[in-house]
Amino acid sequence: MKRKGILIVVSGFSGAGKGTLMKELLKRYDNYALSVSMTTRQPREGEVDGESYFFVDKETFEKTIENDGLIEYASYCGNYYGTPREYVERCLENGLDVILEIEIQGALKVKGKFPEALLLFVMPPDAAELKRRLEDRGTESPEVIRQRLARASEEADGIEKYEYLIINDDLDECVREMNDIINAARKAPVRNRRMIADMRSQLNAVVKGE
Ligand code: 5GP
């Protein structure tokens, strides 16, 4: 029986290094697919439409919501962000583990709809490091950096709702650790309902002497 992929939600404060971490994970292991989100935010320098995000206007985003084209969406620092449904469902059916790199409101919506989704939270070693990474990135104005740090402080209140914390200190170690956590989580009964149901019916058949 072909296994269905699992849904992995990765959140973390802006500047926690999630993007780099995901890129490295996909480079090293071939069982992952990264969902490309839709957003109304303006592209940053170097971002490519269809790779970093699908960059759309507000009207297109709202139309996609109406057509039930998104698994979830949220508003973050004045812009919409959402996960297109079709790609995610197709990858899961094909046995790929799909990663959604999304913020906390969206993460909780996904968990509500898909209780077997695995929720991971990436944190930098400390808050000063977070501020430094955001400033060094040089892509946001001081005002946007301030908004993102304020949002990080709000999101910190919800961290306990995630299943595992990933401290992004050493990239190499962090990628390995993340893959190990996902492999272990795959063995949880909640993610193996089909196999458990099969085992039950086989046992019943054995008991009845069929
Ligand atoms: P950024 O503007 O830095 O690319 O992303 C801002 C925040 O939006 C990040 O926390 C990122 O994880 C989150 N985000 C990106 N795509 C989505 C999405 O499809 N849905 C939700 N809910 N959040 C997203």
Side-chain angles (χ1 to χ4, degrees), residues 5-44 46-56 61 64 69-77 79-92 96-114 116-124 130 133-134 137 139-140 144 147-149 151-152 154-156 158-159 161-169 171 174-179 181-182 185:
I6 65 171
L7 201 50
I8 302 154
V9 176
V10 179
S11 301
F13 310 133
S14 182
K18 283 166 294 171
T20 319
L21 196 56
M22 295 307 102
K23 256 192 224 142
E24 199 52 36
L25 189 77
L26 265 85
K27 207 158 81 187
R28 282 199 213 170
Y29 308 97
D30 59 10
N31 55 301
Y32 297 114
L34 186 64
S35 157
V36 177
S37 295
M38 185 179 274
T39 185
T40 57
R41 150 163 98 57
Q42 289 302 307
R44 291 186 190 124
E47 283 186 329
V48 179
D49 188 32
E51 275 179 30
S52 321
Y53 281 104
F54 295 105
F55 295 101
V56 299
F61 198 100
T64 314
L70 302 175
I71 288 181
E72 62 71 40
Y73 67 93
S75 162
Y76 178 96
C77 295
N79 286 300
Y80 275 137
Y81 294 81
T83 307
R85 178 184 301 284
E86 205 203 307
Y87 177 78
V88 171
E89 291 182 346
R90 187 161 22 97
C91 289
L92 289 175
L96 288 169
D97 299 320
V98 184
I99 301 181
L100 310 182
E101 192 208 308
I102 64 179
E103 53 63 75
I104 190 162
Q105 298 170 51
L108 300 180
K109 280 188 217 161
V110 170
K111 189 72 182 173
K113 282 191 194 167
F114 305 89
E116 72 288 1
L118 173 66
L119 266 54
L120 309 178
F121 198 93
V122 180
M123 285 215 294
L130 186 70
R133 284 187 195 170
L134 274 175
R137 189 154 83 179
T139 49
E140 268 93 10
V144 172
Q147 278 178 24
R148 285 179 174 242
L149 287 169
R151 176 65 184 235
E154 276 170 37
E155 290 200 328
I159 298 180
K161 303 203 169 81
Y162 287 75
E163 280 150 279
Y164 292 95
L165 271 183
I166 296 185
I167 311 297
N168 189 9
D169 200 349
L171 178 67
C174 199
V175 171
R176 227 173 320 120
E177 194 177 285
M178 192 162 165
N179 187 56
I181 289 174
I182 296 168

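On a predicted model such as this, the values are computed, not experimentally measured, just so you know.
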Checklist entry - Quick one: does M178's side chain get under 4.5 Å of M22's, heavy atoms only? => result yes
Checklist entry - Can you tell me if CZ on F13 sees more than 12 non-hydrogen neighbours from other groups inside 6.0 Å? => result yes
Next on the checklist: Using a 3.5 Å distance criterion without hydrogens, assess whether the side chain of E101 forms a donor-acceptor pair with backbone atoms of V10.
Outcome noted: no
Checklist entry - Which heavy atom of R151 sits nearest a heavy atom of S75, and at what distance? => result NH1-O, 3.8 Å
Checklist outcome for this item: Smallest heavy-atom separation, G12 atom then K18 atom, equals O-NZ, 3.0 Å
Checklist entry - For A16, does its backbone N or O pair with a side-chain atom of N168 as donor and acceptor, under 3.5 Å? => result yes
Item to check | From CA spacing to verdict: side chain to side chain contact (heavy atoms under 4.5 Å, CB included), K111, V9 | outcome: CA-CA 9 Å; K111 189 72 182 173; V9 176; over 6 Å; no
Item to check | Residues V98, L100; criterion side chain to side chain contact (heavy atoms under 4.5 Å, CB included); working and verdict | outcome: CA-CA 7 Å; V98 184; L100 310 182; 4.2 Å; yes
Next on the checklist: Is any side-chain heavy atom of I182 closer than 4.5 Å to one of L120?
Outcome noted: yes
Checklist entry - Parallel, tilted or perpendicular: which describes the rings of Y80 and Y73, with under 30° parallel and over 60° perpendicular? => result perpendicular
Next on the checklist: I need the minimum non-hydrogen distance between G15 and R133, along with the two atoms involved.
Outcome noted: O-CD, 3.1 Å
Checklist entry - Within a strict 4.5 Å, meaning less than it, do heavy atoms of the P43 and D49 side chains meet? => result no
Checklist outcome for this item: Output for pair (F55 CZ, T40 OG1), nearest 0.5 Å, gives 10.5 Å
Next on the checklist: Closer than 3.5 angstrom, by distance alone: can the side chain of D97 be matched with the main-chain N or O of Y32 as a donor-acceptor pair?
Outcome noted: no
Next on the checklist: Using the salt bridge (Lys or Arg N to Asp or Glu O under 4.0 Å) criterion, which residues pair with E116? Sequence neighbours excluded.
Outcome noted: none
Next on the checklist: Please check this pair: side chain of K109 against backbone of E72, looking for a donor-acceptor N/O pair closer than 3.5 Å.
Outcome noted: no
Checklist outcome for this item: Closest non-hydrogen contact found for A33 with L96 is CB-CD1, 4.1 Å
Next on the checklist: Tell me whether K161 forms a cation-pi arrangement with F121, defined as NZ or CZ under 6.0 Å from the six-membered ring centre and within 45 degrees of its axis.
Outcome noted: no
Next on the checklist: Pair R44, E140 - check side chain to side chain contact (heavy atoms under 4.5 Å, CB included), show working.
Outcome noted: CA-CA 9 Å; R44 291 186 190 124; E140 268 93 10; 2.7 Å; yes
Next on the checklist: Going by the rule salt bridge (Lys or Arg N to Asp or Glu O under 4.0 Å), which residues pair with E51 if we only count those two or more places apart in sequence or in a different chain?
Outcome noted: none
Item to check | Smallest separation among heavy atoms of L130 and S14, with atom names | outcome: CD1-O, 3.3 Å
Checklist entry - Any side-chain heavy-atom pair from I8 and I6 closer than 4.5 angstrom? => result yes
Next on the checklist: Using the rule given for side chain to side chain contact (heavy atoms under 4.5 Å, CB included), can you reason through Y53 versus R41, listing the C-alpha separation, both sets of side-chain angles and the distance that settles it, and then say yes or no?
Outcome noted: CA-CA 9 Å; Y53 281 104; R41 150 163 98 57; 3.2 Å; yes
Next on the checklist: Holding to side-chain hydrogen bond (donor to acceptor under 3.5 Å, both in side chains), I want the full list of residues that pass it with R176, two or more places apart in sequence or in another chain.
Outcome noted: D172
Checklist outcome for this item: For V110 and A117 the tightest heavy-atom approach is CG1-CB, 4.1 Å
Checklist entry - From E177 CD over to I167 CD1, what is the distance, rounded to the nearest 0.5 angstrom? => result 8.5 Å
Checklist entry - Are the side chain of S11 and the backbone of I102 linked by a donor-acceptor contact shorter than 3.5 Å? => result yes
Next on the checklist: Measuring only between side-chain heavy atoms, which start at C-beta, is Q147 closer than 4.5 Å to Y76?
Outcome noted: no
Next on the checklist: Rounded to the nearest 0.5 Å, what separates atom CG in L119 from atom CG in L165?
Outcome noted: 11.5 Å
Item to check | Check: K27 main-chain N/O paired with E24 side-chain donor or acceptor under 3.5 Å | outcome: no
Checklist entry - For I99, does its backbone N or O pair with a side-chain atom of S35 as donor and acceptor, under 3.5 Å? => result no
Checklist entry - In Å, rounded to the nearest 0.5 Å, how long is the span from CD1 of I181 to CD1 of I166? => result 4.5 Å
